[in-house]
Amino acid sequence: MSAFPGGLPHREQLDFLDRPVYLIQRDHHAAWVNTAALARAGITRDTPDPADGRIERDAAGEPTGVLHEGAMDLVGLLTPRPTPQDLQDALADAERHLFSLGITGWQDAIVGSYAGSDDQLPTYVEAARSGRLRARVVGALWWDRTRGAEQIEDLVARRAAAEELGRFAATSVKIMQDGITENFTAATLEPYCLCGGTGLSYVDPAKLREYVAELDRHGFQVHFHAIGERAVREALDSLEGTDPANRHHIAHLQIIEPSDVPRFAALGVTANLQPLWATHHAQMDELTLPYLGEPRSSWQYPFADLLAHGTRFCAGSDWPVSNADPLQGMHVAVNRTEPGSSVHAGYPTAQTPFLPGQRLDLATAMTAYTAGSAWINRSPAGVIEPGRPADLVVLDRDPFELPREDIWTTRVRMTFVDGEAVHEQP
């Protein structure tokens with residue numbers, strides 16, 4: 001977004017092409033389309049915004065070519081569809097890439113149709129059944145924001161389709177409760193500065209409690225996306241009275257109102273961290289801080305505060321939204337500055353620590369990425385001790401012996417799954 005004034009490109013910049021164009025924004029919360037694509041989808045100034053999204057419009061009310069959140073599907077679902085073999089090949093490529101970064105298991109945060117993509121559940125099921133899937137994967141089944149409790153029966157059936165596959169289980173449900181701060185769809189308690197509005201709650205908070213309670217009764221883990229402080233509060237409210245044994249977690253946690261910080265540990269809710277975002281970069285300094293204002297800007301990514309209250313951590317990347325490399329994320333968790341390898345490293349304030357009081361020590365950050373994430377996935381891996389699977393990573397140096405500002409220089413030499421090498425640095 002930072003490549004365009006105000007974070008917004010325009011359809012006319014793509015109109016040199018005479019065919020429809022659909023480009024997904026890096027964070028997967030918006031798409032950029034040209035005039036031909038709008039015409040193919042029948043989108044005009046009279047097209048209403050969907051309940052879970054927004055068609056960006058100019059001062060005259062004409063669509064500009066930016067489709068936020070649920071509006072992405074107006075064009076995305078018209079794009080050419082990949083074949084089953086395309087999807088199998090893509091999963092194999094993704095697995096090789098993640099093995100190269102020392103990742104032996106993950107939770108896929110959206111298994112279902114979203115942003116114009118096809119449902120990945122059949123791909124995972126076939127890969128696990130055939131033995132091609134080597135990683136240990138949990139799929140978070142997508143909660144359809146256009147439906148209500150009636151979809152839970154379908155989710156139970158989808159979970160059953162992946163039972164007893166060993167390498168893959170569909171035991172989590174992903175609820176995206178809000179959007180992102182940069183396009184003002186993150187749900188906030190007070191209006192955004194300069195532009196007003198308090199963002200979107202994609203699931204009505206009163207109904208959310210009902211849905212989460214029913215998912216909990218069915219033994220599902222609930223995986224929340226929550227960026228704004230209102231979305232975090234709505235997620236926590238919905239988790240009141242649920243069973244901590246289901247290992248519910250809230251991801252991203254960009255803004256947490258301070259009185260909600262102690263509730264994570266009190267409710268047995270895991271904080272799912274994406275540390276890589278907790279730095280000064282163009283989207284933070286130019287598209288976020290001016291619109292959050294104080295004190296809200298100082299409530300961002302409060303890792304140390306959560307830790308002080310005894311919150312359990314897991315950690316991930318949200319890849320392909322951002323770099324999947326856990327070592328880069330650990331670097332940011334410890335330093336709150338951009339790694340030297342980052343595309344943002346040259347930004348003027350990239351090496352100015354972002355809210356440095358919220359730093360974590362390296363052991364805590366590494367534990368979140370290993371034992372913490374294995375715990376959230378009910379994986380037997382993630383800890384080195386007798387009887388555990390030999391899912392191991394060999395690094396080219398000991399990050400605990402490095403100056404903390406050099407943690408990012410650590411690289412993966414070898415990755416093992418069940419004691420067998422699945423990646424070796426050439």
Side-chain angles (χ1 to χ4, degrees), residues 1-2 7 25-30 52-54 68-72 109-110 114-115 140 142-143 145 174-193 195 197-205 208 222-239 248-258 260-261 263-264 269-279 281-293 295-303 305-306 311 313-322 329 332 354-355 358:
M1 294 180 74
S2 59
Q25 188 168 284
R26 186 186 68 182
D27 59 18
H28 289 227
H29 284 274
D52 61 347
R54 187 175 80 244
H68 298 286
E69 307 292 342
M72 298 170 70
I110 298 180
Y114 170 74
W142 177 241
W143 180 268
R145 301 186 297 231
K174 169 68 173 288
I175 298 177
M176 187 178 289
Q177 185 58 11
D178 68 344
I180 57 173
T181 57
E182 293 90 347
N183 66 10
F184 317 121
T185 56
T188 58
L189 293 170
E190 299 294 334
Y192 286 94
C193 303
C195 63
T198 57
L200 299 173
S201 293
Y202 292 141
V203 182
D204 178 87
L208 185 65
V222 180
H223 173 163
F224 273 105
H225 161 115
I227 293 285
E229 72 274 18
R230 189 178 84 235
V232 173
R233 179 169 293 177
E234 290 166 353
L236 289 168
D237 288 348
S238 76
L239 291 168
H248 305 305
H249 52 121
I250 305 176
H252 309 330
L253 304 169
Q254 180 169 348
I255 312 168
I256 307 178
E257 200 279 327
D260 286 322
V261 169
R263 298 179 67 196
F264 284 80
V269 175
T270 298
N272 182 342
L273 311 181
Q274 283 66 55
L276 204 61
W277 304 342
T279 68
H281 51 281
Q283 283 190 207
M284 176 61 73
D285 287 11
E286 299 169 22
L287 300 178
T288 301
L289 295 178
Y291 298 94
L292 293 184
R296 190 163 49 193
S297 288
S298 66
W299 299 345
Q300 294 188 82
Y301 305 114
F303 303 158
D305 289 350
L306 287 164
T311 305
F313 287 160
C314 64
S317 65
D318 214 35
W319 183 72
V321 169
S322 50
V332 176
F354 179 72
L355 300 175
Q358 298 299 338

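Throughout, residue positions are numbered sequentially from 1 according to the sequence presented.
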Heavy-atom side-chain contact between [X] and [Y] under 4.5 Å:
{"X": "L189", "Y": "T198", "answer": "no"}
{"X": "L287", "Y": "T181", "answer": "no"}
{"X": "H28", "Y": "P320", "answer": "yes"}
{"X": "E229", "Y": "D260", "answer": "no"}
{"X": "Y301", "Y": "F354", "answer": "yes"}
{"X": "F264", "Y": "L253", "answer": "yes"}
{"X": "I110", "Y": "M176", "answer": "yes"}
{"X": "H248", "Y": "T270", "answer": "no"}

Check for a donor-acceptor pair, side chain of [X] on one end and backbone N or O of [Y] on the other, with a separation under 3.5 Å.
{"X": "R296", "Y": "L292", "result": "yes"}
{"X": "T188", "Y": "E190", "result": "yes"}
{"X": "Q300", "Y": "S297", "result": "yes"}
{"X": "E182", "Y": "T288", "result": "no"}
{"X": "D178", "Y": "A187", "result": "yes"}
{"X": "T311", "Y": "L306", "result": "yes"}
{"X": "S317", "Y": "W319", "result": "yes"}
{"X": "S298", "Y": "P295", "result": "yes"}

- Below 4.0 angstrom, N of the basic side chain to O of the carboxylate: do R263 and D237 qualify?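 Judged by the 4.0 Å cut-off on N to carboxylate O distance, R263 and D237 do form a salt bridge.
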- Item | E69 and R54 ion-paired at < 4.0 Å |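 Judged by the 4.0 Å cut-off on N to carboxylate O distance, E69 and R54 do not form a salt bridge.
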- Any chance you could measure Y202, atom OH, to Q177, atom CD, to the nearest 0.5 Å?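 It is 9.5 Å, given to the nearest 0.5 Å.
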- Distance from Q254 atom CD to W299 atom CH2, nearest 0.5 Å?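 Between atom CD of Q254 and atom CH2 of W299 there are 13.0 Å.
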Distance-minimising heavy-atom pair for [X] and [Y]:
{"X": "I255", "Y": "V232", "value": "O-CG2, 3.5 Å"}
{"X": "R145", "Y": "G70", "value": "NH2-N, 3.8 Å"}
{"X": "H249", "Y": "C314", "value": "ND1-SG, 4.4 Å"}
{"X": "R230", "Y": "L200", "value": "NH2-C, 3.7 Å"}
{"X": "A226", "Y": "I250", "value": "CB-CG2, 3.7 Å"}
{"X": "L208", "Y": "E234", "value": "CD2-O, 3.7 Å"}

- With F184, which residues qualify under side-chain contact (heavy atoms from CB on, under 4.5 Å), at least two apart?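 F184: side-chain contact (heavy atoms from CB on, under 4.5 Å) contacts with Y192, C195, Y291.
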- Only counting residues at least two apart or in another chain, list the ones meeting side-chain contact (heavy atoms from CB on, under 4.5 Å) with D27.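 Expected list: M1, Q25, H29, I180, V321.
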- Task: Specify whether F313 and F303 have parallel, tilted or perpendicular ring planes, treating 30° as the upper limit for parallel and 60° as the lower limit for perpendicular.
- Result: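 Aromatic pair F313/F303 classed perpendicular.
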- Message: Which label fits H252 and H225: parallel for a plane angle under 30°, tilted from 30 to 60°, or perpendicular past 60°?
- Response: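 Geometry flag for H225 against H252: perpendicular rings.
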- Start with the C-alpha gap between Q283 and D285, add the side-chain angles, then the distance that decides, and say whether side-chain hydrogen bond (donor to acceptor under 3.5 Å, both in side chains) holds. CA-CA 6 Å; Q283 283 190 207; D285 287 11; over 6 Å; no
